[in-house]
Amino acid sequence: MPPGTGIRDAATTPIIPGFFPDPSVCRVGEDYYLVNSSFEYAPGIPIWHSRDLREWTQLGNVLTRESQFPAGVSEASRGIYAPTIRHRDGTFFVVGTNVDRGGEQFVVTATDPAGPWSDPIVFPGLGGIDPDLAWDDDGTCYLTYCALDEALRPADGSLPVIAQARVDLERGLLIEKPRVIWQGSGLAHPEGPHLYRRGDWWYLLTAEGGTERGHAVCVARSRAIDGPFEPTPANPIFSRRSTGFPVQNTGHADLVARPDGEWAMVYLGVRPRGFTPGFHVAGRETFLARIAWVDDWPVVHTDDVLPDRADTAFVDDFSSEELHPRWVSPHGALPGSHTAGGVALVRDELAVRVRDLRWRFEARVDASAAVALRVRLDERHWYEIALEAGAAEVRARIGPLEASAGSAPATGAVVTLVVEAVDATHDGPDDLRFGLVDADGDRWIAALDGRYLSTEVAGGFTGRTIGVRALGATAVRVTALRYTPLGGE
């Protein structure tokens, strides 16, 4: 859209920018609620609210207590996968997978989507990911999921497949053994199933082609919730594969009926930048499309418009007693940080998801602190500026290699550590430049190629986070953290 119009193309503008993948959505009256995967980060499963499907506010996180999921180390791109949110008879249900516990499927419930959410009802031994809940006309609940269990391998040898079982949510029991209901439309990796009732048909929406450049949305339908399902001749009904479109990897969708009877679809996509193969650094983000129904099949349209991009800027002075729900910690451990008297006392690592392609992040700390401002993709791919013993040093880790990229003295009682994501000077998606502001003014220390903090280099399913971490056993006092988008997207 032309600059200054106040609207943007929904096909290229995420409704929830940053590392918020695998969206699932439900509607209650005039209100919409959406959840995303959180992988190794805790608290787990961010939850959002909207009145129009376009502008979203984070209500909190679903998994906020150790009793809801085991604390401890979770490896990169593991942890909590692909939740689904549904509402029935005044209760919200979120079903997801904890891949660190053998791929067990779990369900948590709440009457208020902002929480608190219950401890999990666990269905162990299902051997898969991406669960969905749906209820038939007599109230029986069906758990449908992407199965990886060898016991369910079809005669043609294909895995994964889409499997289903009836469950008793009140008692936490499987009523029957899982059975295969769908083997996909012919593309690789059928996953992310969701079931919907519309008229006389049950629709099974799936992701296929893998969550990389071949990602696609497919659909099948049946007169019964448990099949047999027939695919639409138009599969895949949505994909950006093999195109030059600026948003790629589109898939893992969920549908929702609006109050006016129209339907919409949320889905994930990435915004790759730089020379081939293109590097996406903000992770898989949440996008919006509208759905038309033609001959009782869903047809995807992305010609809608959105308001200007989400307001991602913030300054946190830690004046509240509790941390804002944007803050997370890696490794599947709940943040060991809290606020006290207008400062954050950081004991491990406190981070936020990067929300923009160009941005600036600042951390104001005591000069005596042993602290680092880190940009992280995973434990083997990060850049940071570390403050110790009166000096600031820029460090980088790329796979097994770790090196110093430059240093400078830090003067005065208070130091502001700074990192900016700016236009690339080489073929990568951006440059990350690190510097500081102290008693001697402001200065840059080093600039690093951003491609090495991309999913294309590191692998996995996540995106960048930025934050601060204590370098020793003593809690670090942080008086303010500021995030500012720099535009140019």
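Residues take their numbers from the sequence shown, with the count starting at 1.
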Rounded to the nearest 0.5 Å, how far apart are [atom1] of [X] and [atom2] of [Y]?
{"X": "Ile15", "Y": "Asp304", "atom1": "CD1", "atom2": "CG", "value": "10.5 Å"}
{"X": "Arg78", "Y": "Phe39", "atom1": "CZ", "atom2": "CZ", "value": "11.0 Å"}
{"X": "Arg166", "Y": "Leu173", "atom1": "CZ", "atom2": "CG", "value": "12.5 Å"}
{"X": "Ser158", "Y": "Leu152", "atom1": "OG", "atom2": "CG", "value": "11.0 Å"}

[X] side chain vs [Y] backbone, donor-acceptor pair below 3.5 Å:
{"X": "Arg86", "Y": "Arg88", "value": "no"}
{"X": "Thr64", "Y": "Pro43", "value": "no"}
{"X": "Thr250", "Y": "Gly269", "value": "no"}
{"X": "Arg54", "Y": "Asp52", "value": "yes"}
{"X": "Asp295", "Y": "Trp297", "value": "no"}
{"X": "Thr97", "Y": "Val99", "value": "no"}

Open item on the list: List the residues meeting salt bridge (charged side-chain N to carboxylate O under 4.0 Å, His left out) with Glu212, not counting sequence neighbours, and say none if there are none.
Closed with: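 Partners of Glu212 under the salt bridge (charged side-chain N to carboxylate O under 4.0 Å, His left out) test: none.
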Open item on the list: The criterion is ring-ring contact (aromatic ring centres under 6.0 Å, His included); which residues satisfy it with Trp48, sequence neighbours excluded?
Closed with: Phe20
Decide whether [X] and [Y] meet the rule of one side-chain donor and one side-chain acceptor closer than 3.5 Å.
{"X": "Thr144", "Y": "Gln164", "value": "yes"}
{"X": "Ser329", "Y": "Glu349", "value": "no"}
{"X": "Asp136", "Y": "Trp202", "value": "no"}
{"X": "Thr232", "Y": "Arg221", "value": "no"}
{"X": "Arg213", "Y": "Asn249", "value": "yes"}
{"X": "Asp156", "Y": "Gln183", "value": "yes"}
{"X": "Thr286", "Y": "Asn36", "value": "yes"}
{"X": "Thr140", "Y": "Asp138", "value": "yes"}
{"X": "His324", "Y": "Asp316", "value": "no"}
{"X": "Ser185", "Y": "Glu208", "value": "yes"}
{"X": "Asp254", "Y": "Tyr196", "value": "yes"}
{"X": "Thr302", "Y": "Arg240", "value": "yes"}

TODO: Verify the neighbour count for atom CZ of Arg482: are there more than 12 heavy atoms of other residues, nucleotides or ligands below 6.0 Å?
DONE: no
Task: Side chain to side chain, Leu255 and Tyr203, heavy atoms closer than 4.5 Å - done: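 Not in contact.
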TODO: Would you mind reporting whether Met265 and Pro298 have side-chain heavy atoms less than 4.5 Å apart?
DONE: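 No. Closest side-chain heavy atoms not under 4.5 Å.
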- [ ] Using the ring pair (Phe, Tyr, Trp, His ring centres under 6.0 Å) rule, collect all pairs that involve residues 205-264, keeping only residues at least two apart or in two chains.
- [x]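 Sorted pair list: Phe238-Tyr267, Trp263-Trp293.
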TODO: Answer yes when Arg271 and Glu285 have at least one side-chain N-carboxylate O distance shorter than 4.0 Å, and no when they do not.
DONE: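 The answer is yes: the pair qualifies as a salt bridge.
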- [ ] Mind telling me whether Trp359 and Tyr483 have parallel, tilted or perpendicular rings, with 30° and 60° as the class edges?
- [x] parallel
TODO: With Arg326 as the cation and Phe314 as the aromatic partner, state whether NZ or CZ is under 6.0 Å from the six-membered ring centre and within 45° of the axis.
DONE: yes
Open item on the list: Please tell me whether Phe92 and Tyr33 form a close aromatic pair, meaning their ring centres lie under 6.0 Å apart.
Closed with: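 Distance test on ring centres: under 6.0 Å, yes.
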